[in-house]
Amino acid sequence: MAKLSMIDIDSFSQDFKNRYGVLPAIFSAPGRVNLIGEHTDYNDGFVLPFAIDKRTYVGVASRSDGLINVHSRTLDESVEITLSDPERTQGWSLYIRGIAEVLKREGVFRGGADLLIDSEIPFGAGLSSSAALEISVGLALSTIGGKDIGMVELAFVGQEVEHEYIGVRSGIMDQFTSALALSGHALLIDCRSLEFENIPLDLGGYVLVVCDSKVEHELADTEYNRRREECEEGVELLRQRFPDIHALRDVTDDQLRESHDLLPANVFRRCRHVINENIRTLESAGAIATGDLNRLGILMYESHESLRVDYEVSCAELDWLVDAASKFDGVIGGRMTGGGFGGCTINLVKNDAADGFRAQIEEEFRDRFDKDTDVFRVSPSAGAHGHSVDSRNINSV
């Protein structure tokens with residue numbers, strides 16, 4: 001089975017010292033795969049993600065002049081950020097500036113920093129590389145600021161950056177998972193109360209395999225925000241008949257069917273997806289707990305079909321990957337994962353069939369789309385944490 005390149009902590013630390021003259025404190029945060037529960041988080045619903053064993057690493061040392069120097073090894077680009085300068089940087093460094101400014105407003109980060117960043121998570125693949133960047137940088141800057149803001153608050157800082165700086169009105173799932181996940185477990189998250197349950201992800205003789213469509217999703221300038229607006233429109237219209245509802249989380253399937261006359265066709269379909277996806281998510285958590293993996297697989301296929309038809313966030317490559325997987329002996333479930341408009345699929349594959357699955361999918365995908373796909377296993381990993389700390393670089397400034 002193909003494996004993406006992994007970052008060596010020792011060489012990363014030495015690279016930081018060569019660049020900035022001191023040894024760093026090092027932190028990392030994982031990407032995530034959402035097993036099921038797509039586009040339910042910003043509707044106060046339920047999600048079932050897990051953190052993957054692909055991470056973003058940040059080396060950090062404090063500085064007293066207020067400057068933030070950043071080098072991305074992934075992109076081989078360097079940026080200098082001055083928070084007092086009203087002119088915002090653009091591109092990937094906007095995430096760094098956003099995290100720093102929000103933490104500064106919260107009184108958590110007051111000085112400057114040298115940062116080195118590298119990532120094992122492919123960009124634009126729907127595996128939450130942005131959340132991993134937000135959480136790892138947030139943890140690094142809050143630590144050198146001498147403040148412990150807590151992982152839940154850090155997740156909200158990351159979400160605020162998505163909303164205010166990036167322009168994506170995302171839910172809390174990605175940042176929450178990257179910050180708080182437990183190794184070997186999925187998180188069943190109630191996105192209204194933020195109560196969550198760690199569910200052991202014991203798959204017996206099966207493994208989880210990601211297929212990357214290599215279609216990058218640009219959520220801020222696509223249909224993502226429009227989907228959220230359509231859901232909000234549905235709630236407002238449904239309130240005419242059911243005044244006690246606050247979000248699609250509160251609407252039953254029967255209530256939706258009774259209200260077909262109230263809703264535009266596209267809004268009805270968006271609501272139908274969210275309502276039924278919440279049901280599928282809770283049922284999937286139960287199927288994992290009881291070891292009913294065949295039922296989990298069926299629910300994954302149903303989720304993808306709903307995302308394709310009702311929510312309309314899939315694409316030709318994703319649909320092909322799910323269909324091709326469903327025809328492969330040893331695969332019992334598959335669906336797109338993430339916001340959509342590109343990205344990846346997640347597949348439940350028998351362990352001894354995984355290598356053959358990878359080889360066949362890669363060959364047939366290349367023949368069909370004239371480009372490569374990456375196919376790789378993922379394992380449920382731990383959330384954000386530190387790797388090594390040089391105490392000389394951790395101080396309040």
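All heavy atoms count here, side chains included; hydrogens, waters and symmetry mates do not.
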The criterion is salt bridge (Lys or Arg N to Asp or Glu O under 4.0 Å); which residues satisfy it with [X], sequence neighbours excluded?
X	value
Glu233	none
Asp250	Arg192
Asp372	Arg366

Is there a donor in the side chain of [X] and an acceptor in the side chain of [Y], or the other way round, less than 3.5 Å apart?
X	Y	value
Asp10	Gln14	no
Thr345	Asn347	yes
Glu277	Ser303	yes
Asn266	Arg226	no

### Query
Going by the angle between their ring planes, with limits at 30° and 60°, are Phe369 and Trp320 parallel, tilted or perpendicular?
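Perpendicular.
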*Return the orientation label for the Tyr42 and His39 ring planes: parallel under 30°, perpendicular over 60°, tilted otherwise.*
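Rings of Tyr42 and His39: perpendicular, as their planes differ by over 60°.
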Same apolar cluster: Val79 and Tyr165, side chain cutoff 4.5 Å:
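Yes, Val79 connects to Tyr165 through the hydrophobic network.
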message = If hydrophobic clusters are built from ILVMFWY residues whose side chains come within less than 4.5 Å, do Val108 and Leu83 share one?
response =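 Yes, it is one cluster - the side chains of Val108 and Leu83 are joined through contacts under 4.5 Å.
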Mind checking the CD1-CG spacing from Ile199 to Leu182? Nearest 0.5 Å is all I need.
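Going from the CD1 atom of Ile199 to the CG atom of Leu182 covers 12.0 Å.
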* To do: Check the pair Arg249, Thr40 against side-chain hydrogen bond (donor to acceptor under 3.5 Å, both in side chains), reporting the backbone distance first and the verdict last.
  => CA-CA 8 Å; Arg249 150 78 171 271; Thr40 52; over 6 Å; no
Qualifying side chain to side chain donor-acceptor pair (under 3.5 Å) pairs, either residue in residues 324-334, two or more places apart: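 Applying side chain to side chain donor-acceptor pair (under 3.5 Å) to every pair that reaches into residues 324-334, excluding sequence neighbours, yields Asp323-Lys327.
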Check your understanding: Applying salt bridge (Lys or Arg N to Asp or Glu O under 4.0 Å), which residue pairs with at least one partner in residues 122-134 are found, sequence neighbours left out?
Key ->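 Listed by first then second residue: nothing to list.
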According to salt bridge (Lys or Arg N to Asp or Glu O under 4.0 Å), does anything in residues 171-184 pair up with another residue at least two apart or in another chain? List the pairs.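 Every pair satisfying salt bridge (Lys or Arg N to Asp or Glu O under 4.0 Å) with a residue in residues 171-184: Arg32-Asp174.
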